[in-house]
Amino acid sequence: MSGSGTERSNFRGNRPLSSNPPHSICVTDRKVVSFTHLWTIDHFQSYLDDPQSPRVLFSSYFSPNFGPHTDTSWCLKLYPKGVNEKSVEYISLFVKYVRGRSDLQAKAEFSLINSRGEFHIVRKTPYHIFPTGGDWGYSEYLMRMVLTTQRKSELLNADQSLKIFTRVIIVGESSSSIIHEEKKNTYESLISLSSHFSSLLTSTKDNCHDVTIIVRPQQYNGLTYENKSHDTPSSSSTSSSPTDVGKSSSSSLSKRSNNNNNNSGAGNHRTKRKRYSTNSGGSSGAGESSGETNHDETTSTALAISSTPTSTTFYAHRSILSVRSPVFAAMFSHSMLEDQNSTIEITDLQPETVRALLEYIYTSNVEEIDEHNAVEIFKAADKYELELLKQKAELIMMNSLSVSNCTMLYIVADLHNANELKKRVLNFIMRNILEVTESDDWRILVEQHPALATEAFVYSAEHAASCACSS
């Protein structure tokens, strides 16, 4: 009995795993193959202006260059003037499974890349079973008028070309196995290795770094977030209602309300049905309420080497970033601005968030993550595809639900396809519907995101009876 008590106290002492080795280790593995493709369409504006332009454009075939699916072929399909009558005002975009031996479960991520190498209009489909010859994507990917009005310079390149960056992620079956003794020792060695990697965070800027990350948060005026039309991805061949999951979020609805007081004219220029964010990865302006960062603070690491009143600079290592994040890997594996000058400019995250992100990339741990910064870390983790960090932040958000933050978390969950978080928020709203719907945040939600408000009411109506019985 005393032995078990001692063992429990070791865990409570927050000692590293190397000091508390498990008696056995099991690993559950799932085959995941991720591959990317960059498609440049020259003189894209001409396809929008020419009434006789082709109805659909096809990219060249592309395939994964490693893993069990190298014999498959894929391509992109773009409809400059929509795939059907309901999407004539939009550009439709799909990925097609051209050739393969069997059906595959996969998802696709689409984004546009401008001349500065920045990601825009990021759309992430849920997983879908692709039959050979089948496609999946968005019949309402982007309104055509966006490319011909004020946002044109942000999305088209100087030569009027459109660059589409696509990631396809194929998943297979999962399996579990026990790690034997010799592999167990290797596993424990890898755990201790993370402590050595953490020393790179305290190195000076001249210690072998080959990537410069400049964080220059943009200042946001009013409601600049994209409004989700609340549809789902579709196949280009389906006859059902075309859909789009272009989503939006706000780091704080109340902050946005305050911004509107100082920006009352901004709303006059917004499209009623949907908007889009100009931030990389679809983030929605992390931490914009503060307006500035305290640059007089002395950092505990040398990773953030320099800062100015408008930017903060971090120094990192290309190999580590690439191995840990598929998004960073893509930046350095294509002829993008980041690969050309080894400089990454981030405008949609705050320096504190980037610092936490790099800490996790180097050590697989973030020491300071709580309900105050979980939302921004969650957005950053989603942007750079750090799934475990995203799950950790999502769990903290779930455990910190309150009347004051549930509306904001509802939008965040919807934007980032966080289904478990969204379900938890909907259940919370249902149980506290009177308090929630009387808040200022909810009134803003109804005005700016009516589809989400309707979904919450429908969910509450459908589940209220069973909830009353269970309580």
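Just so we're clear, the structure is a prediction, and the values are computed from it rather than from any experiment.
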Quiz item: Are Glu345 and Arg216 close enough for a salt bridge, meaning some N to O gap below 4.0 Å?
Solution: yes
Quiz item: Does any N or O in the side chain of Thr70 come within less than 3.5 Å of the main-chain N or O of Phe66, such that one atom is a donor and the other an acceptor?
Solution: no
Quiz prompt | Short N-O contact, Glu385 and Arg167, less than 4.0 angstrom | solution = yes
Quiz item: Which value, rounded to the nearest 0.5 Å, describes the distance between Asn84 atom CG and Ser139 atom OG?
Solution: 6.0 Å
Exercise. Please confirm whether Tyr90 and Tyr141 have ring centers closer than 6.0 angstrom.
Key: no
Practice problem: Please determine if Lys379 and Asp348 form a salt bridge, counting it only when a charged side-chain N lies under 4.0 Å from a carboxylate O. | Solution: no
Exercise. Decide if atom OH of Tyr61 counts as having more than 12 heavy atoms of other residues, nucleotides or ligands within a radius under 6.0 Å.
Key: no
Quiz prompt | Ser87 side-chain N/O to Gly82 backbone N/O, donor-acceptor pair under 3.5 Å | solution = no
Quiz item: Just by modelled atom types, is the Ser322 backbone N or O under 3.5 Å from a matching donor or acceptor in the Ser325 side chain?
Solution: no
Quiz prompt | Heavy-atom neighbours of Glu387 CD exceed 12 at 6.0 Å | solution = yes
Self-check item: With Tyr360 via ring pair (Phe, Tyr, Trp, His ring centres under 6.0 Å) - residues at least two apart
Solution: none
Exercise. Report the C-alpha distance between Tyr138 and Phe94 in whole Å, list the side-chain angles of each, state the deciding distance to 0.1 Å, and finish with yes or no for ring-ring contact (aromatic ring centres under 6.0 Å, His included).
Key: CA-CA 6 Å; Tyr138 298 100; Phe94 303 88; 8.2 Å; no
Quiz prompt | Distance, nearest 0.5 Å, that separates CG of Asn65 from OG of Ser63 | solution = 9.0 Å
Practice problem: Find out whether Lys77 and Leu93 are in side-chain contact, i.e. whether some heavy atom of one side chain is under 4.5 Å from a heavy atom of the other. | Solution: no
Quiz prompt | Sidechain N-carboxylate O distance under 4.0 Å for Glu455, Lys422 | solution = yes
Self-check item: For Pro80 against Arg144, the heavy-atom pair lying closest together
Solution: O-CD, 2.7 Å
Exercise. Keeping to residues at least two apart or across chains, list the side-chain hydrogen bond (donor to acceptor under 3.5 Å, both in side chains) pairs with something in residues 100-109.
Key: Asp71-Arg101
Practice problem: Specify the closest pair of heavy atoms between Phe110 and Val95, including all atoms of both residues, with the distance to one decimal. | Solution: CZ-N, 3.9 Å
Quiz item: Taking all atoms of both residues into account, what is the closest heavy-atom pair of Ser400 and Asn405, and its distance?
Solution: O-ND2, 2.9 Å
Quiz item: Does CD in Glu420 sit with more than 12 non-hydrogen atoms of other residues, nucleotides or ligands closer than 6.0 Å?
Solution: no
Quiz item: Does the gap between the ring centers of His128 and Phe130 come in under 6.0 Å?
Solution: yes
Quiz item: Asn427 side chain to Lys423 main-chain N or O, any donor-acceptor pair under 3.5 Å?
Solution: yes
Quiz item: If we ignore angles and hydrogens, is there a donor and acceptor under 3.5 Å between the side chains of Arg355 and Thr312?
Solution: no
Practice problem: Test the Arg318-Phe332 pair against the cation-pi criterion, namely NZ or CZ under 6.0 angstrom from the six-membered ring centroid and within 45° of the ring axis. | Solution: yes
